[in-house]
Amino acid sequence: MAALLAAETLQGPKVDWFALSPLLILLGGAMVLLVGGALTRAWPKRGYALFTAAVALAGGVFGVLLWHRIDDKGPMSLVGNALTLDKVAVWLTITICVGVFLAALVSDDYLRREGLDGPELYVLYLLAALGGIVMSSANDLIVLFLGLEILSIALYVMAASHRKRIESQEAGLKYFVLGGFSSAFFLYGVALVYGGSGSTNFDKIVTAFDTTVQLDRQNDALVLAGVALLLVGLAFKVAAVPFHFWSPDVYEGSPTPVTAFMASVGKTAAFGAMLRVLLLALPHWRDDYRPALWVIAVLTLVGGSVMAVVQTNVKRMLAFSSISHAGFILVGVEAAAHEGGATLASPGVSSVLLYLLIYSVLVMGTFGVVAAVGRTGDAATGLAGFRGLGKNQPVLALGMTVLLLAQAGVPLTSGFIAKFGVITAAVDVHSYAIAIIAMVSAVIAAFLYLRIMVSMWVIEPEAGDDARERVHVPALLGVAISLSVAFTLVIGFLPGRLIDITP
Amino acid sequence: MIEFPILTLLVLVPAVGAAAVALISKRQPDLVKIVAMISSVLTGAMALWVLFAFKSHEADFQFVSQHVWIKPWGISWHLGVDGISLFLVALTGVLFPLVIIGIDPHHDHKRYLSWMLLLEAGVMGSFISLDLFLFFVFFEIVLVPMYFLIGGWGYDDRIYAATKFFLFTMVGSAFMLVGIVATAVLAKAGPGGSVTFDLIKIAENATFAASTGRWLFFAFAIAFAVKVPLFPLHSWLPDAHTQAPTGGSVILAGVLLKMGTYGLLRFGVYLFPEAAVWARPLFLTLAVIGILWGAVAATMQTDLKRLVAYSSVAHLGFIVLGTFAFTTVALTGSVMQNVNHGLSTGALFLMVGMIYERRHTREISKLRGLQKAAPVFAAAFMVIMLSSIGVPGLNGFVGEFMILIGSFGTARWWVAVAATGVIFAALYLLWAYQRVFHGEPDDDNRAFPELKWKEATLLLPFIAIIVFTGVFPKPMLTRIEPSVNKLIAHIEEHGDWRSPQPAVGVPSVEVVTEDGEG
Amino acid sequence: MLDLVWLIPALPLAGFLCILLLGRKLGDPKAGYFATAMVGASFLVTVGVFLDMMSKTADERSHVRTLFQWIPVGSLKIDLAFLADPLSITMCLFVTGIGTLIHLYAVGYMHGDSRFSKFFLYLNLFAFSMLMLVLGSNMLVTFLGWEGVGTCSYFLIAFWHEKESAATAGKKAFVTNRVGDWGFMMAMFFAFWAVGSLDYSVINHSVLSTPTATAIALFCFIGACGKSAQLPLYLWLPDAMEGPTPVSALIHAATMVTAGVYLMCRISPVLEIASDYAGWIIAIIGAATALYAATVAVAQNDIKKVLAYSTVSQLGYMFLAVGSGAYTAALFHMITHAFFKALLFLGAGSVIHGMHHEQDMRRMGALRKLMPITAITFIIGWLAIAGVPPFAGFWSKDDILLFAYDKSPILWAVGLVTALLTAYYMTRQVIMVFFGEARWHDAHDEHGAHGDVHTNDHEPHESPWMMVTPLVVLAFLSIVGGAINLPFSHKSERLVTWLEPAIVVRESDTSKLPLAIVAIVVGLVGIALAIMVYAKHRVKAVEPQILADAWGYDRAVSNFMGGPGRQAFDGIAWADAHIVDGAVNGAGELVRGTAGKVRKLQTGNVRTYAAAIGAGVVLLLTWFVVVRGIL
Amino acid sequence: MELFVFVVAAAMVLAGAVGVVVRKHPVHAALSLVMTLFGIAVLFIAQDAHFLAAVQVIVYAGAIVVLFLFVIMLLGVDNAEDMHIEPFRVQRPVAAVIGTALVTMIGLAIIVSRKAAVPVVTQSQAVQDAALDPHDGNIRALARDVFSDHVLAFELTSVLLVIAVVATVMLARKPKPGELLIIETPSSAK
Amino acid sequence: MSAAIAVPTTTWYLLLGAMLFSIGVVGVMVRRNPLILFMCVELMLNAVNLTFVALARRLGDIGGQSTVFFVLVVAAAEVVVGLGIVVAILRRKPNATTDDMAELKG
């Protein structure tokens with residue numbers, strides 16, 4: 001028996017541990033939190049949040065180190081070709097880490113305020129981020145699927161984590177059911193693509209199709225169906241119309257920091273996955289899925305903006321705004337889909353990456369303010385809750401104004417740079433129509449930001465509003481919002497360096 | 001030698017002022033006002049310095065400063081003034097301190113002043129940017145302070161008006177942004193290779209296929225047409241003007257609309273001469289319709305401020321008409337009329353604001369016989385109104401006349417119709433004047449207070465410039481004309497356009513003229 | 001001295017500025033005297049210039065004095081320059097001369113008015129503008145004055161702006177004039193387009209094509225129609241009588257309204273090149289206006305309205321002359337008309353003043369005893385306008401009729417009928433005001449709004465000296481005014497000789513005497529008729545309402561403006577609010593409405609969402625499998 | 001033989017599936033699910049996926065369905081759903097259309113491309129060798145594959161399970177009494 | 001294996017999988033009980049598993065089977081989490097259906 005075992009020692013793939021460092025750090029951090037949180041007494045105030053932030057920061061720092069390594073040695077594939085470490089992956093890793101970092105800061109006081117304090121949510125943040133990083137650096141459909149599930153399941157739990165609010169649980173349930181539903185579609189897509197190519201590995205898929213795809217198009221119907229289903233899964237994750245229905249409800253119902261996390265990390269990872277699947281695994285079907293992407297992008301842009309118009313709950317508004325932003329990013333993806341070959345080096349991809357980073361930070365800050373304004377119970381997130389903010393908390397209101405203007409794409413904010421990049425990418429490949437539709441829908445979307453601003457600055461609080469608890473900005477949240485605002489403005493004024501390094 | 005970065009400071013001083021005002025504690029209202037005053041006056045002084053230091057008879061951009069801003073996108077901080085923008089810069093520089101010092105917003109001074117200064121920075125920037133991206137940044141950023149000014153300090157329907165203003169203008173900008181990007185991207189194919197957003201480089205070097213150029217031109221033109229506003233895209237204007245606080249209206253009419261006409265010239269015609277020539281009939285027609293439409297609509301208004309707002313539509317129609325006539329005289333007239341309209345309509349808004357301060361209504365039917373109650377006030381209003389009507393000897397006439405006479409050679413029928421606009425201008429303004437100032441005042445209006453010293457001081461610069469420019473426009477013309485000539489030469493070079501040769505009279509008899517000029 | 005021509009307008013301008021700054025301090029009556037002095041000084045300068053010009057040969061009498069470049073841009077070089085030539089100086093002479101008299105008169109007339117100094121402020125500004133108009137060496141400077149006098153006219157008509165009718169009349173005058181200004185501007189555009197300049201020297205000496213010349217001439221005529229109250233734009237002038245009487249005399253009789261005639265004379269060389277029909281149009285409109293206004297004047301009861309229509313009628317005469325090519329005759333009549341019509345207006349003003357602002361002739365009568373000087377001077381004016389030799393009006397009117405006969409006997413006949421009517425209605429007026437029985441006692445209650453300052457003495461009284469003096473001077477001029485251009489010999493036609501270098505002069509070869517005799521007879525018949533009707537009461541007066549209503553034209557225009565015109569305006573305003581703006585709000589509403597509908601899809605129910613996803617899947621599959629895969 | 005197995009198993013699968021969808025009572029639905037799962041396990045065996053068939057039965061039928069039943073019993077939510085009521089009238093027709101369309105589309109794709117060239121898969125030598133083992137070739141090959149090419153995926157499943165653990169901890173934590181207040185909007189609370 | 005009797009090819013399995021999948025999809029759309037919804041999702045996953053196995057056999061590749069293995073784990077984790085959420089909800093609102101959980105909408 002022993003001999004048999006000895007003879008059959010498995011030759012596992014080589015593991016470049018350093019290259020996996022961000023993943024390992026997040027995982028390790030999660031374990032420490034989980035085990036430590038369970039075994040020790042409650043940590044000091046802010047302990048969990050600061051620890052999580054530190055872990056995320058460390059992950060990010062290692063991401064930067066990896067970045068330099070790629071500068072020196074070029075991209076590489078990891079763990080038996082399951083992951084790819086290229087600049088896109090590292091960029092997204094850093095973006096996700098930034099998201100987690102800010103999310104941890106935003107969550108701290110919120111959780112204590114809502115009586116939900118504990119390490120669990122932070123553990124989920126870290127693990128979800130891990131899933132996100134896997135998604136955005138996967139080189140294999142199965143790995144990508146697992147990353148997706150890690151992220152999604154964590155998000156389901158997070159959405160439902162506000163025990164006192166039935167809305168939170170409703171959100172969790174909806175997200176879960178629909179998430180599972182769409183995951184099944186995605187998985188079916190994986191299966192069909194696997195059937196056509198004989199592998200789930202991106203490189204092998206491409207190689208397989210290189211030899212067969214040009215021969216007989218009709219016989220690829222099954223693979224095309226697979227592509228369609230993959231697209232469904234991805235579109236669901238990024239909340240593209242008509243697969244977006246979950247997102248307003250879930251955004252509204254989830255605890256605000258979790259909403260922020262979904263909008264930043266969730267979206268980043270989903271788009272990372274989308275880039276990889278569409279551009280690296282399925283470049284042969286560019287001409288097939290590009291029109292579909294076009295339509296989805298337009299629907300998403302217009303739908304998100306239009307539906308936001310009639311909302312009165314700020315979280316819900318921002319959910320629709322997030323849909324609209326997804327539309328913008330899809331414009332970038334569509335532009336990238338014009339490039340030939342299995343490559344991520346195109347203006348479209350760059351614009352998407354830039355957009356994701358900027359949007360992640362932006363949306364964190366925005367929801368941070370919403371978390372503060374929501375007050376105890378996380379219920380005052382209607383427009384009415386923002387009334388008089390300009391008077392009572394002018395600095396907070398000003399910060400929110402900057403963030404909202406950035407979301408609207410007003411120049412000298414990072415939001416404008418992001419939009420400009422996407423538009424440039426689209427125009428670069430002569431997708432003028434979609435560029436114009438995008439900009440016009442941005443105008444429609446601007447209406448909702450204006451409404452929030454009007455509530456903050458112009459509309460006088462009503463009699464009942466005065467009795468409301470005063471908005472209070474705790475330290476860590478303040479730090480998170482300040483960082484977000486600062487980033488928004490700095491990138492708005494001096495984007496050159498950042499654009500330069502975008503892969 | 002490094003030149004003194006005067007233009008950069010023109011943008012930075014108000015911007016820094018805005019930041020400073022925003023940062024000063026609310027408990028020091030006087031300090032807030034002083035800082036705002038200093039920064040706006042300083043900006044005004046610098047603008048005037050630019051005006052006087054500007055070399056006349058010079059067509060090129062002056063005081064140019066250029067620094068790389070966003071290198072990967074080929075964007076630079078590129079500023080400069082020429083004859084076309086010079087007076088708009090000066091107007092901006094002059095108007096803002098007057099508004100900031102002269103008009104009391106009644107509440108939240110700090111925020112009001114901060115927005116005002118930011119607005120000034122934005123407006124200033126749009127007039128001196130020579131980079132498409134930079135221009136867009138300023139063009140767009142202006143919306144924000146204006147939005148807050150209307151929304152925060154306006155009248156009853158202010159939120160609706162502010163939102164409409166913001167969104168409507170932004171729709172136009174949406175097209176322009178795509179146009180800007182497309183221009184830069186398509187211009188890249190030309191010599192040079194790298195992307196640039198530099199206005200001059202693109203205008204002078206890039207060549208677009210005719211159809212492409214036309215699309216691009218329209219992308220730009222929509223944004224400007226909204227801003228101008230050109231019929232039928234004007235409907236945001238009456239609301240915005242009417243609901244804005246007095247200071248906002250003055251600035252809106254005085255300089256903000258000029259961003260449209262200026263943009264049309266600088267970023268429409270200059271960049272796409274071929275397309276501009278091609279689209280000429282359309283713009284001429286819309287301009288002329290606008291002149292009449294605005295005038296007729298103004299006639300029927302019951303709100304004095306709204307009436308003045310509609311008069312802007314008509315006046316700006318003239319400016320667009322002159323722009324698309326493509327002759328030296330008309331174009332110079334247009335550029336000049338920008339300033340004239342800014343002054344006279346700005347001043348009209350100022351006075352309507354004063355009426356509102358006193359009577360808390362702008363309804364024409366509620367006002368009556370004010371001339372008897374306040375003759376000096378009425379006289380000041382009259383002078384400004386006559387300028388707006390275009391009575392010779394005042395500034396409004398000079399520009400309007402130059403536009404019409406200059407356009408006649410190239411757009412005869414349009415001019416024939418447009419010239420009837422002068423009839424309507426008299427009709428609506430005089431009718432309004434009659435209803436508001438003439439007649440026997442009733443009890444409410446009898447106590448209408450006379451013009452105060454402070455107000456008179458505020459109006460004096462307006463009236464002085466109105467009269468001076470009407471009588472002696474030459475200093476303006478000699479500064480504007482070279483740049484305009486250069487632009488027309490540019491149009492002739494790139495577009496299918498020959499500006500008409502000036503007709504030379506054929507005197508049959510030697511004319512005895514004795515030039516008495518000293 | 002010719003170089004000092006700029007002083008002519010400058011002095012009234014200085015007067016204007018001084019009164020603007022110090023008017024209230026000067027007060028009543030000093031401001032008035034000051035203003036009078038400034039115009040008087042201007043008159044003296046004019047006389048100086050005139051004498052200087054007289055001393056030069058005919059060729060050297062045209063002189064351009066440029067002050068500065070006004071609008072120099074591109075090919076448009078417009079100077080602020082004055083053209084001193086016989087034509088302009090002639091105009092200046094009577095503008096400043098009569099102006100001075102009327103200023104003086106006004107000191108008396110306006111005494112006690114609360115806005116006394118403001119009145120003279122406007123009056124001086126008017127004098128300045130009128131002189132700019134006359135002296136301008138190019139069309140634009142003329143236009144500057146043209147608009148300036150229009151504006152002053154507006155101010156002065158609406159001087160008593162508390163009165164609704166005055167305010168309306170002022171506005172009406174300005175707007176109607178603007179219609180004419182459109183024509184003037186178009187003429188300038190054409191001229192600039194054709195010759196590249198607006199200088200009269202260039203325009204008048206260029207070789208213009210006939211169509212261009214016709215266009216310039218006719219557009220100028222449209223301008224002239226507005227300013228000189230010709231059909232169809234005369235409407236404003238009768239209403240303009242709302243203004244104080246000195247204003248009516250100065251602006252709406254003697255000077256401003258003749259600007260149109262002046263302009264046509266100024267561009268007479270262009271008219272000569274223009275097509276024949278241009279001349280015909282002008283002559284016909286002139287004749288028609290003359291006849292039309294004369295018929296209307298017959299039935300007016302307002303002392304000033306009669307004179308107003310009379311003015312319109314006489315201006316028609318002048319245009320008849322212009323259309324017939326008789327520019328000198330037009331100018332001649334303009335001058336004599338200025339004398340006697342100013343006289344008549346001032347006389348009327350004196351009556352009104354004496355009657356405490358009563359203007360209805362039916363409440364006057366037998367005033368000759370109470371206001372002897374006024375009566376005598378008025379009667380002189382009457383004789384002058386009625387064309388009784390040797391008064392001034394006879395000579396000039398005769399001159400016009402002569403040329404009209406040259407053009408067409410029909411025009412001449414129309415002119416003759418007008419002359420008859422003129423004699424008739426003027427006689428009627430004189431009788432109603434100064435003869436017959438006193439009827440003013442009937443109307444104590446009708447107190448003019450501005451008569452309050454006067455004493456409660458309701459008896460009519462003679463006016464003070466500053467009002468009477470101008471009457472006397474003008475009466476004298478009305479008697480001898482014809483002397484400047486007597487048709488006896490070439491030498492006695494001094495005006496023609498004098499103007500010859502400046503405007504086109506035409507000779508008539510028709511025998512003058514028979515026509516003159518006919519004219520005299522016709523005039524006398526008119527007077528006799530009126531005496532029969534109004535003094536002897538032998539014949540019942542024929543004053544049909546339709547004439548009193550000016551053939552209903554004014555009302556028709558008002559009805560059009562208030563009816564369809566207003567509806568059209570309302571329609572556009574409606575369209576602006578509901579279509580143009582409606583489209584914008586509609587777009588907003590559309591977005592909102594769509595959102596409102598779409599949000600219903602957002603049921604909150606997981607199963608619906610799943611269905612949506614399913615639908616999306618099916619659509620995507622259709623695209624991928626069917627469209628891209630199988631087809 | 002294989003046909004017979006297929007037909008029977010397929011019938012089980014479909015019948016069970018339809019049962020899940022149409023049975024009112026959750027317990028019945030769960031039992032229908034078991035039938036489907038068994039059918040699939042049979043089909044796995046028919047396709048030489050022995051290990052998976054075993055796991056299918058153990059994990060799915062054994063663990064997952066039991067879990068379902070457990071929850072149903074634990075919470076006492078075993079009341080029947082009234083299948084005659086459908087609040088959204090369009091829901092069922094829409095579902096039917098979508099379901100039909102879906103199966104048509106995919107079926108079409110399957111049929112159209114049934115003759116498509118099967119890509120040549122080159123497996124690692126170790127896996128090929130293991131598959132040749134007559135006794136437990138399938139399991140060996142699977143193990144080779146999972147622990148070499150898919151080792152990362154395998155590790156990731158552990159993360160998934162950690163999340164499941166955390167999730168249960170979080171979700172199952174019973175709120176303290178009084179904590180379950182539904183927080184009203186302040187206006188109504190006031 | 002007799003030639004007369006058709007041998008079920010991969011296509012048959014694939015079609016069966018498609019049908020199973022669609023039934024699952026329909027189930028999610030028509031059922032209201034959250035637990036049954038989960039079961040329907042499980043049906044879909046099983047359909048995919050069946051497809052994977054069938055394809056793996058056609059390809060002669062074991063990779064498809066390993067994938068099924070992972071899917072099983074995912075399904076298990078999903079069910080655990082899903083039931084956790086359902087338990088949390090049902091404890092609060094016994095007998096809640098998904099139709100009842102529709103407070104967030106619009």
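Below, chain A is the first sequence line, B the second, and so on; all start at residue 1. This one's a predicted model, so the numbers in the text were calculated from it and none came from an experiment.
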Side chain / backbone / both / neither for [X] at chain B, heavy atoms under 4.5 Å:
X        : result
C:Ala577 : neither
C:Asp181 : neither
C:Thr168 : both
C:Lys118 : side chain
C:Met188 : both
C:Leu208 : neither
C:Ile203 : neither
C:Leu198 : side chain

Sub-3.5 Å donor-acceptor pair from the side chain of [X] to the main-chain atoms of [Y], do we have one?
X        : Y        : value
B:Glu481 : C:Gly74  : yes
B:Trp293 : C:Ala573 : no
C:Trp182 : B:Ala416 : yes
C:Arg178 : B:Val422 : yes

Segment of [X] engaging chain C (4.5 angstrom heavy-atom cut-off):
X        : result
B:Ile389 : both
B:Trp431 : both
B:Val171 : neither
B:Thr299 : side chain

How many angstroms lie between atom [atom1] of [X] and atom [atom2] of [Y], to the nearest 0.5 angstrom?
X        : Y        : atom1 : atom2 : result
B:Thr332 : C:Leu76  : OG1   : CG    : 9.5 Å
B:Glu440 : C:Glu162 : CD    : CD    : 5.5 Å
B:Met336 : C:Ile71  : CE    : CD1   : 7.0 Å
C:Ile572 : B:Leu292 : CD1   : CG    : 8.0 Å

TODO: Give the member of B:Phe437, B:Tyr310, B:Phe231, B:Tyr433 that has the highest number of heavy-atom pairs under 4.5 Å with chain C.
DONE: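 Most pairs with chain C among the choices: B:Tyr310.
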Open item on the list: For chain C, which candidate among B:Ala297, B:Pro473, B:Gly409, B:Pro232 shows the most heavy-atom pairs at distances under 4.5 Å?
Closed with: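 With the most close heavy-atom pairs to chain C, the winner is B:Pro473.
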Indicate the atoms forming the closest heavy-atom contact of [X] with [Y], along with that distance.
X        : Y        : answer
C:Val584 : B:Ser235 : CG2-OG, 3.2 Å
C:Met186 : B:Ala419 : SD-CB, 4.5 Å
C:Val73  : B:Val329 : O-CG2, 3.7 Å

- [ ] Could you walk me through whether C:Phe143 and B:Phe397 pass ring-ring contact (aromatic ring centres under 6.0 Å, His included), step by step?
- [x] CA-CA 11 Å; C:Phe143 191 67; B:Phe397 172 73; 5.6 Å; yes
Under 4.5 Å between any side-chain heavy atoms of [X] and [Y], yes or no?
X        : Y        : answer
C:Phe569 : B:Phe424 : yes
C:His161 : B:Lys372 : yes
C:Arg566 : B:Met300 : yes
C:Phe190 : B:Arg412 : yes

Open item on the list: Going by the rule side chain to side chain donor-acceptor pair (under 3.5 Å), which residues pair with B:Asp157 if we only count those two or more places apart in sequence or in a different chain?
Closed with: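 B:Asp157: no side chain to side chain donor-acceptor pair (under 3.5 Å) contacts found.
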Open item on the list: Parallel, tilted or perpendicular, judged at 30° and 60°: which one describes the rings of C:Phe189 and B:Phe401?
Closed with: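 Ring orientation, 0 to 90° scale: tilted.
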TODO: Could you tell me whether C:Arg24 atom CZ has more than 12 heavy atoms of other residues or ligands within 6.0 Å of it?
DONE: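 For C:Arg24, atom CZ is not crowded (no more than 12 foreign heavy atoms under 6.0 Å).
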Open item on the list: Using a strict threshold of under 4.0 Å (side-chain N to carboxylate O), is an ion pair present between B:Lys164 and C:Asp581?
Closed with: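 So C:Asp581 pairs with B:Lys164 through a salt bridge.
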Task: Salt-bridge present (B:Arg368, C:Glu164; N to O < 4.0 Å) - done: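 Yes, this pair counts.
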Counting heavy-atom pairs under 4.5 Å with chain B, which one of [options] comes out on top?
options                               : result
C:Trp574, C:Phe155, C:Trp6            : C:Phe155
C:Met132, C:Glu147, C:Glu60, C:Lys172 : C:Glu147
C:Val580, C:Asp576, C:Thr176          : C:Asp576

Task: Ring-ring centroid check C:Phe68 B:Phe472, cutoff 6.0 Å - done: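 That pair passes the under 6.0 Å test.
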- [ ] Could you go through the side chain to side chain contact (heavy atoms under 4.5 Å, CB included) check for C:Trp70 and B:Leu477 one step at a time?
- [x] CA-CA 10 Å; C:Trp70 185 17; B:Leu477 301 179; over 6 Å; no
TODO: Only counting residues at least two apart or in another chain, list the ones meeting ring pair (Phe, Tyr, Trp, His ring centres under 6.0 Å) with C:Phe174.
DONE: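 Ring pair (Phe, Tyr, Trp, His ring centres under 6.0 Å) list for C:Phe174, sorted by chain: C:Tyr154.
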